[in-house]
Amino acid sequence: MIVAALDRVGVVGRDRPMLREASLSLHAGERVALVGPNGAGKSTLVRVLLALTSPAEGTVQRAVAGVGYVPQAYAESLFPWFSVLRNVAMPRLVARREDAYDAARALAERILPGIDPSRLAGRLSGGEKQATALARALASPGDLVIADEPFSAIAASSRERLRHALREELRGRALLLVTHDAGDVADLCERTVRLVDGCTVEAPA
Amino acid sequence: MSGRRLAPSLGPNLLMLAGTIGVWWAVAQIRVAGRPLFATPAATMGDLSRAAPTLGGDLAATAARTGLGLAVGVAAGLVIGALAAVVVRRAPVIEGLLDLARSIPPVVILPVCLLAFGYNELARVATVASGCVWTISLAVTTAASAPRSTRREMLDVARATPLQALAWTQPWESLGVLVVSLRTSASTAVVVAVVTEMIAGSERGLGARVIAAQISGDTDGLTLDVLVAGALGYVINLGLRGLERWVRRLEA
């Protein structure tokens, strides 16, 4: 079963095409790495999948609901005036799930050890903010998690633990991981898609 | 503050204070048409004991008018600003009209309020409120018309309803702009409240004291009243600056 897909999608930026005939299918439970050089269009592709950017051409099959998302601008994506717990609970609170805080508390214990859940998100360090954004994505009730460089601000000493946590907490959900790190790809993904000049190329297994 | 931190700042601060009093004393020696511009520091402090029994009540009256007018102005400004933000998206001309309204000096609203409400307490509070309302409403319109934030996109991804998205972001994202405009409005409120008391026949308030002192040629009392009016504005500003610092820390 396909949870989200793009077919021959094109996006035009201000002065050049960002995506050209990019295609990608994400199947249920599949873990896919999206790699490519800076400016290749990885984040644009993610934004098209999330319906945050409209494509000029092609078709998009958007995920049903409750997609977990770690944006590249993770710090700006948090709600600094709310607690870490409320931030993590956001996707389930918005979906009016009764288990929002219980699920968020359980995730915070596993993914954010050492961070007081009642602390304001605005007071966290860069790495703590990124880990909180990851916990929030994993708290989403949908069947797809999209993470755009989710470990870029995480210290090397914590990276392995968070990779492990991400693998564990996916619980059968599909993952689209945008990364430059070969370790992330090897550890977390079973398929790799490369973006070159806005075109998707399926990398050999 | 520790003794070590206090020591280096105490000397220059005391020196500055003594210098200010010296300049004040020197200015008080200037005579214009045979009369001093200001009372000396000693005469002003001497007048404080004479004025003390009524000064507190007048200060409280001005502070109450300022606070009430500010509260009414902020409440009205929030509503007008939010409505304008909705309309601005459809008719950008509204933004220009708001700018025009903001350029109207609050004090010139006074005759309009006097005509509308008469020489009473309602007119005075309405004048103070009208002095604050445009600053706040413009700030709200600007904040509400800001580009979509990453946080708003997160809520879109989570399929939040427009009302949920508004509640999770708008009041908080507008907070910084609102606090700054609140400080501006508070300064305006103090000025308008005192001027209103001066010219709208008020029996109580710092403005009424200023006019009474001017009519009776009481330079000592006039100097004291001017300083107390300044102190009122300073204290309000100090409190709001603390609020602004707290909001900035929250946003960092």
Side-chain angles (χ1 to χ4, degrees), chain A residues 4 43 46-54 62-83 86-97 100 119-126 129 132-134 136-137 139-142 144-148 176, chain B residues 74-75 77-78 81-82 85 89-90 136 139-183 185 239-252:
Chain A
S43 296
V46 164
R47 291 179 62 82
V48 172
L49 261 182
L50 292 166
L52 296 173
T53 296
S54 301
R62 199 181 161 193
V64 178
V67 177
Y69 175 41
V70 185
Q72 213 172 27
Y74 60 89
E76 290 78 27
S77 78
L78 293 179
F79 300 86
W81 41 81
F82 291 141
S83 68
R86 192 165 165 78
N87 269 275
V88 176
M90 184 278 278
R92 284 175 183 262
L93 285 172
V94 162
R96 296 196 168 85
R97 299 278 288 253
R119 229 170 124 192
L120 289 179
R123 301 276 167 86
L124 300 175
S125 71
K129 281 179 182 167
T132 303
L134 180 63
R136 179 180 59 188
S140 298
L144 171 63
V145 173
I146 298 178
D148 195 346
L176 178 64
Chain B
V74 167
L78 286 172
R89 286 181 195 141
R90 292 184 174 87
I136 294 288
V140 173
T141 308
T142 308
S145 311
R148 294 177 80 73
S149 64
T150 312
R151 286 182 280 269
R152 198 63 190 255
E153 289 184 348
M154 292 304 301
L155 289 156
D156 288 345
V157 170
R159 306 270 174 102
T161 63
L163 203 63
Q164 282 176 323
L166 193 79
W168 275 77
T169 54
Q170 199 64 68
W172 314 97
E173 289 184 349
S174 309
L175 211 55
V177 181
L178 280 180
V179 170
V180 172
S181 63
L182 191 62
R183 267 183 72 189
S185 296
L240 290 174
R241 203 187 298 168
L243 183 68
E244 189 182 337
R245 260 193 230 119
W246 179 76
V247 170
R248 292 272 173 250
R249 271 207 305 273
L250 204 65
E251 286 177 335

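Every chain is numbered from 1 and lettered A, B, ... according to where its sequence line falls, protein lines coming before strand lines. All figures in this text were calculated on a predicted structure; none of them were measured in a lab.
Taking both residues in full, the closest heavy atoms of B:Val157 and A:Leu50 are given as CG1-CD2, 3.9 Å, listed atom of the first, atom of the second, then distance. The minimum heavy-atom distance linking B:Thr150 with A:Ser77 is given by the pair CG2-CB, 3.8 Å. When every heavy atom of B:Ala158 is checked against every heavy atom of A:Val94, the shortest pair comes out as O-CG1, 3.5 Å.
Of the inter-residue distances, the one linking A:Met90 atom CE with B:Gln164 atom CD reads 10.0 Å to the nearest 0.5 angstrom.
Only the side chain of A:Arg47 comes within less than 4.5 Å of a heavy atom in chain B; its backbone stays farther off.
Checked by atom type and distance alone, the side chain of B:Arg151 pairs as donor or acceptor with a backbone atom of A:Leu78 at under 3.5 Å.
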- Task: Go through the steps to decide whether A:Phe79 and B:Trp168 satisfy the test ring-ring contact (aromatic ring centres under 6.0 Å, His included), and finish with yes or no.
- Result: CA-CA 8 Å; A:Phe79 300 86; B:Trp168 275 77; 5.1 Å; yes
